[in-house]
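Reading through the structure tokens given below for one structure.
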Amino acid sequence: MEYLHTVYAVLQRWYISFAELTPRLIVGILVFLFFLMTSTYLSRWSVKLFHKFFPKTKSDSVVTLIAVFKFLIILMGTFIALEIMGFSGFFMKFLGSLGVAGVIAGVALKDLVSSMFSGMLVSVDKAFKIGDYVTIGGNSGTVQDIGLLTTKLITDDGKKVYIPNQVIFNSPFFNITASPQRRIIFNLEIPVGEDIDKAKNVILETIKTLEHVDKADTTDVLLTDVKQGVFTLQVKFWLEIGSDFGKLKSIAIIKINETLMKEGINLVTPTSINITNTEQNHLENKE
């Protein structure tokens with residue numbers, strides 16, 4: 001019987017506590033519902049007020065601000081409701097425990113979280129989209145998919161490359177599709193003693209005869225360096241939008257080489273140098 005009296009006393013105490021708490025629970029729930037239902041209107045009003053002080057805000061930014069203000073209003077309503085119900089202390093302790101757990105998880109999963117956050121930034125920033133031809137971290141190819149952790153490229157030779165999204169924000173990358181007008185630049189080396197003016201004219205005329213060259217009159221052939229008996233000429237010209245960059249560059253180099261040879265101008269030919277152990281040769285000669 002003593003056990004029954006103990007259980008009855010506990011239940012009675014809970015009932016009294018719940019009865020005392022019920023009005024606060026009802027008021028807290030009503031306050032939360034009020035903030036939840038009016039958050040949309042309050043956020044729009046807040047953004048209009050913000051827009052008066054900053055009239056140059058873009059439309060995309062306004063949409064984001066409405067979502068941010070709506071979240072803050074609901075969060076404020078949640079804290080007020082919890083304070084009314086008397087649960088704010090428990091909630092703050094719970095948030096504190098989540099913060100400690102979050103720090104531990106963040107350290108352990110740093111790279112994973114970084115890639116996920118970078119993936120969200122890639123989607124928001126829209127620096128490139130599926131189908132664009134890009135160069136990321138030394139890998140060039142067409143974007144096949146932009147995932148939460150990796151971005152997938154199909155390279156020119158058909159290989160699929162998985163690039164962690166954090167790499168995209170840790171190093172420069174190039175969106176070739178975003179700049180369809182491309183310029184071909186390469187260097188040619190000519191021995192000192194050759195007629196450089198004649199070589200430049202030959203190169204310019206050769207470029208003008210090539211197909212898929214755009215704005216041929218803007219072609220540049222510049223003397224950029226003279227070192228160890230070698231002239232370095234830099235050739236620059238534009239190609240038509242949509243043309244094959246690598247193919248046209250290859251054709252241009254071959255045609256320029258052929259034309260220079262016909263005109264009696266030779267490009268520098270690499271020479272191989274054999275390095276031997278001079279000390280060993282000296283000993284052998286003594287023997």
Side-chain angles (χ1 to χ4, degrees), residues 118-119 121-147 150-190 196-227 230-263 265 267-268 270:
S118 298
L121 290 178
V122 169
S123 300
V124 172
D125 188 52
K126 297 180 180 179
F128 55 83
K129 60 183 183 298
I130 295 175
D132 285 354
Y133 189 87
V134 299
T135 298
I136 303 174
N139 297 292
S140 298
T142 303
V143 179
Q144 185 188 45
D145 182 51
I146 303 173
T150 61
T151 294
K152 303 168 186 65
L153 304 182
I154 300 296
T155 61
D156 295 333
D157 56 356
K159 295 178 181 178
K160 182 180 286 189
V161 181
Y162 294 82
I163 300 176
N165 288 324
Q166 61 177 335
V167 174
I168 299 174
F169 279 89
N170 289 335
S171 61
F173 61 89
F174 303 92
N175 187 343
I176 308 302
T177 304
S179 303
Q181 185 73 65
R182 302 181 64 187
R183 198 177 194 185
I184 295 176
I185 302 175
F186 58 86
N187 294 328
L188 297 174
E189 293 184 343
I190 297 177
I196 296 300
D197 290 332
K198 182 179 179 181
K200 290 174 62 177
N201 292 330
V202 168
I203 294 171
L204 288 171
E205 293 300 323
T206 303
I207 296 298
K208 291 179 181 179
T209 62
L210 299 177
E211 296 181 355
H212 307 298
V213 174
D214 192 19
K215 299 179 286 189
D217 294 336
T218 63
T219 301
D220 289 327
V221 181
L222 306 174
L223 177 62
T224 59
D225 195 13
V226 180
K227 184 170 57 178
V230 175
F231 289 118
T232 300
L233 295 179
Q234 188 174 79
V235 183
K236 303 179 181 179
F237 61 93
W238 296 95
L239 73 158
E240 294 176 351
I241 297 175
S243 299
D244 191 321
F245 180 91
K247 185 177 180 180
L248 182 56
K249 181 178 179 180
S250 175
I251 292 173
I253 294 174
I254 292 172
K255 292 291 185 182
I256 289 173
N257 182 52
E258 291 176 352
T259 308
L260 288 175
M261 289 179 65
K262 289 180 181 178
E263 296 294 330
I265 301 174
L267 297 177
V268 172

Exercise. Side chains of I256 and F186: does their closest heavy-atom pair fall under 4.5 Å?
Worked result: yes
Problem set entry | Donor-acceptor contact present, side-chain N201 to main-chain K198, <3.5 Å | no
For this session: Taking all non-hydrogen atoms of both residues into account, name the closest pair between I207 and A252 and its distance.
Result: CD1-CB, 4.3 Å
Exercise. Does K208 reach the side chain of D217, with side-chain heavy atoms less than 4.5 Å apart?
Worked result: yes
Seminar exercise, completed: Output for pair (T151 OG1, D145 CG), nearest 0.5 Å, gives 8.0 Å
Problem set entry | Nearest atoms (heavy-atom pairs only) where S140 meets T135 | OG-OG1, 2.8 Å
Exercise. Where the side chain of T219 meets the backbone of A216, is there a donor-acceptor pair that is under 3.5 Å apart?
Worked result: yes
Problem set entry | Identified side-chain contact (heavy atoms from CB on, under 4.5 Å) counterpart of V235 within the set I203, I185, I184, N187 | I203
Exercise. Within a strict 4.5 Å, meaning less than it, do heavy atoms of the Y133 and F174 side chains meet?
Worked result: no
Exercise. Rounded to the nearest 0.5 Å, what separation is found between the CD1 atom of I251 and the NE2 atom of H212?
Worked result: 7.5 Å
Exercise. Going through the distances and angles, do K129 and D132 end up as a salt bridge (charged side-chain N to carboxylate O under 4.0 Å, His left out)?
Worked result: CA-CA 6 Å; K129 60 183 183 298; D132 285 354; 3.4 Å; yes
For this session: Supply the atom-to-atom distance E258 CD to I254 CD1, rounded to the nearest 0.5 angstrom.
Result: 7.0 Å
Problem set entry | CD1 on I163 to CD1 on I146, rounded to 0.5 Å | 11.0 Å
Seminar exercise, completed: So CG of D225 and CG of L222: to nearest 0.5 Å the spacing works out to 13.0 Å
Exercise. F231 versus L223: any side-chain heavy-atom pair under 4.5 Å?
Worked result: yes
Exercise. Are the side chain of T206 and the backbone N or O of V202 linked by a donor-acceptor pair below 3.5 Å?
Worked result: yes
Seminar exercise, completed: Nearest heavy-atom approach of I130 to Q144 is CG2-O, 3.6 Å
For this session: Decide if atom NZ of K255 counts as having more than 12 heavy atoms of other residues, nucleotides or ligands within a radius under 6.0 Å.
Result: no
Exercise. Would you call D220 and K236 a salt bridge, using N to O less than 4.0 angstrom?
Worked result: no
Exercise. Which atom names give the shortest non-hydrogen contact between R183 and T218, and what distance separates them?
Worked result: NH2-O, 4.0 Å
For this session: Please tell me if the side chains of V213 and L239 come closer than 4.5 Å, counting only heavy atoms from C-beta onward.
Result: no
Exercise. Could you walk me through whether L267 and I190 pass the side chain to side chain contact (heavy atoms under 4.5 Å, CB included) check?
Worked result: CA-CA 5 Å; L267 297 177; I190 297 177; 3.8 Å; yes
